[in-house]
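Structure in C-alpha cells, see below.
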Amino acid sequence: MKYTQLGRTGLKVSRLVLGTMNFGPQTDEADSHAIMDAALDAGINFFDTANVYGWGENKGRTEEIIGNWFAQGGDRRDKTVIATKVYGNMGADGEAWPNHDKLSAVNIRRAVDASLKRLRTDHIDLYQFHHIDRATGFDEIWQAIDTLVQQGKVLYAGSSNFPGYKIAQANETAARRGGTIGLVSEQCLYNLAERRAEMEVIPAAQEYGLGVIPWSPLHGGLLGGVIKKEVQGGRRASGRAADALADPAKRAQIQAYEDLLDKHGVEPGEAALAWLLTRPGVTGPIVGPRTGDQLASALRAVELELPDELLTGLDEVFPGTGPAPEAFAW
C-alpha cells in the first residue's frame, strides 16, 4: 500500500479509503468484519463512515458494526484512522426533533457522543460535516469543534459535499478565530464521468491545503465495465448507472470508454481508480467493496500505472470542465 499526508496535516493515510456504507444494508456484520480485516492486512488504514449509514430505522448500524470490530482488539483501533460524519437526521421515522440534525453546536455535541458510543472508541480522527448548513455560521461550528478537540474527542475536521466558496468561508473563519486548524479535507463526488469538482471545489481545496477524498469513484458502477457485464449476463446496472445508460449519447460514451480500456488490456474499474490517483490534490478515493473480490480489484488499482496514451484517451472520452472562471466566463 502507498501512503500520503492528509492535506496539510502530518496524518499519514492510505491512498485507498475503505468506504463502509454497505456495511449493514448490503453486507452483514461477519462479512463486514472480514472485509475490514482484509483491508487492514493490505495496508488500508483509512476507514470512512457516517452516523446515518445503516439508513432508515437502522441509522447508526454501520458505526456499530465498526465499533464491534474495534472491540475485537488486535490493535484494530490503533491502526485505523476513522472518519465519520455529522449532519443528517438520525430519527428513524425521518422526522427530526428540533436541534437533532445539521450543524448547530448542540447537535454537533450530541452527535459526536452518539458516534463515539457506537464506534466504541474515545476519539474520532476525522470528523466531517456531511453537508453545508446554511442556517449555522462557521463561528458557531468552529466553537463546537474547538471544544471537542480540547476534550480529545475529535482530532481533525473535514467537509463533505461543500462548494468551493464554503471551503474558503470555513477556513477564513477558522484563520480569523486563531488557534483553529480549520478544514483539512473535502470529500466530494469526483470521477471520470463527473469532473465538475475540478472547476472550483478542488482548486479551493488545494489553495487551503485540504486533502480531496473522492466518493463514488466508479459513479455508481457506471465506470466499472457495466456494458461488458450486461453482455456477459452479469449484474445489471441500477441507480445512477442505469439512468445514464438510458441516454443513448451517454451509453455511447461508456462504450467508447470500455473499448479504450479493452484495447489497453486494463479493467475499467481499476482504471477509474488509478486515474483518480493521478489527479492533483487527491488523497485517495473511497472504495466500498461488498465482497473480498471487489476489495482485491481496488487494491490492484494502487499499483496500476496508466500510460500517457491511455490518460490522453480518457480525457478525450471524458473531457474535463476546465478551471473557473474560464470554464463559464469565456
Side-chain angles (χ1 to χ4, degrees), residues 19 21-22 25-26 55 131 160-164 187-203 212-282 285-291 293-294 297-298 300-301 304-330:
M21 189 171 66
N22 291 321
Q26 297 189 45
W55 309 113
H131 198 281
S160 181
N161 305 308
F162 271 34
Q187 188 177 133
C188 59
L189 175 60
Y190 181 40
N191 55 57
L192 273 165
E194 176 51 83
R195 296 180 62 171
R196 284 178 292 178
E198 294 175 350
M199 192 183 300
E200 292 197 48
V201 174
I202 293 174
V212 176
I213 308 169
W215 62 266
S216 194
L218 303 187
H219 209 56
L222 188 66
L223 301 172
V226 64
I227 295 177
K228 181 179 180 179
K229 291 174 183 176
E230 270 188 6
V231 171
Q232 295 176 344
R235 187 167 179 256
R236 294 188 64 81
S238 61
R240 183 183 293 123
D243 292 342
L245 292 181
D247 179 347
K250 179 62 68 174
R251 187 180 185 91
Q253 184 183 40
I254 298 303
Q255 185 66 68
Y257 163 70
E258 293 188 14
D259 289 345
L260 173 66
L261 295 176
D262 186 57
K263 174 185 172 183
H264 285 268
V266 180
E267 288 297 318
E270 294 171 20
L273 292 173
W275 178 83
L276 280 170
L277 292 171
T278 70
R279 298 298 91 189
V282 169
I286 297 173
V287 296
R290 293 184 300 274
T291 66
D293 287 344
Q294 290 178 345
S297 176
R300 288 193 292 271
L304 183 60
E305 296 287 340
L306 302 181
D308 290 343
E309 180 187 355
L310 177 52
L311 289 171
T312 299
L314 290 172
D315 277 335
E316 290 171 353
V317 175
F318 298 108
T321 59
E326 291 86 350
F328 54 79
W330 62 77

Please test Trp215 against Asn161 for side chain to side chain donor-acceptor pair (under 3.5 Å), starting from the C-alpha separation and ending with a verdict. CA-CA 10 Å; Trp215 62 266; Asn161 305 308; 2.9 Å; yes
What I'd like to find out is whether the side chain of Pro285 reaches to under 4.5 Å of the side chain of Ile213, using heavy atoms alone.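 The answer is no, as the side chains (C-beta and beyond) never meet within the 4.5 Å cut-off.
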Has the side chain of Gln294 got a donor or acceptor atom that lies under 3.5 Å from a matching backbone atom of Arg290?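 Yes, Gln294 side chain to Arg290 backbone: donor-acceptor pair under 3.5 Å.
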Identify the heavy atoms of Leu218 and Gly269 that sit nearest to each other, and give their distance.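 For Leu218 versus Gly269, the nearest heavy atoms are CD2-O, 3.6 Å.
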Between atom NE2 of His219 and atom CG of Asn191, what is the distance when rounded to the nearest 0.5 Å?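 Those atoms lie 5.5 Å apart.
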For the residue pair Leu222 and Ala193, what are the closest heavy atoms and their distance?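 For Leu222 and Ala193, the tightest heavy-atom pair comes out as CD2-CB, 4.4 Å.
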Applying side chain to side chain donor-acceptor pair (under 3.5 Å), can you list everything that pairs with His131, at least two apart in sequence or on another chain?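 For His131 there are no side chain to side chain donor-acceptor pair (under 3.5 Å) partners, ignoring immediate neighbours.
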Pairs touching residues 268-281 that satisfy salt bridge (charged side-chain N to carboxylate O under 4.0 Å, His left out), sequence neighbours left out: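 Listed once each, the pairs are Glu270-Arg300.
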Value rounded to 0.5 Å, distance of CH2 in Trp55 from CD in Gln26: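 Reported to 0.5 Å precision, the distance equals 11.5 Å.
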Looking only at heavy atoms, which two atoms of Gly19 and Pro289 are closest? And how far apart?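 Where Gly19 meets Pro289 most closely, the heavy atoms are O-CD, 4.3 Å.
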Kindly indicate whether the side chain of Val282, heavy atoms from C-beta on, has any atom under 4.5 Å from the side chain of Pro214.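 Side-chain contact under 4.5 Å: yes.
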Does the side chain of Tyr190 reach to within under 4.5 Å of the side chain of Arg196, using non-hydrogen atoms?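 Answer no - side chains too far apart.
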Results of side chain to side chain donor-acceptor pair (under 3.5 Å) for Ser216 - residues two or more places apart only: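 For Ser216, the residues satisfying side chain to side chain donor-acceptor pair (under 3.5 Å) (neighbours in sequence not counted) are Arg240.
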When the side chains of residues 319-330 are checked against the rest of the protein, which donor-acceptor pairs come out under 3.5 Å, sequence neighbours left out?
none

Only pairs under 3.5 Å count here: list side-chain donor-acceptor contacts from residues 252-263, not counting sequence neighbours, and write none if there are none.
unit_1	atom_1	unit_2	atom_2	d
Gln253	OE1	Lys250	NZ	2.9
Gln253	NE2	Val317	O	2.8
Gln255	NE2	Asp259	OD1	3.0
Tyr257	OH	Leu223	O	2.9
Tyr257	OH	Pro268	O	2.8
Glu258	OE1	Lys228	N	3.0
Glu258	OE2	Val226	N	3.0
Glu258	OE2	Ile227	N	3.0

Give me the atom names and distance for the closest heavy-atom approach of Ala272 to Pro217.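 For Ala272 versus Pro217, the nearest heavy atoms are CB-O, 4.1 Å.
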Name each donor-acceptor pair under 3.5 Å that joins a side chain in residues 304-315 to protein atoms two or more places apart or in another chain, with its distance.
unit_1	atom_1	unit_2	atom_2	d
Thr312	OG1	Asp308	O	3.0
Asp315	OD1	Arg195	NH1	2.9

Distance check, rounded to the nearest 0.5 Å: Glu200 atom CD versus Ile202 atom CD1?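 Glu200 CD to Ile202 CD1: 12.0 Å, rounded to 0.5 Å.
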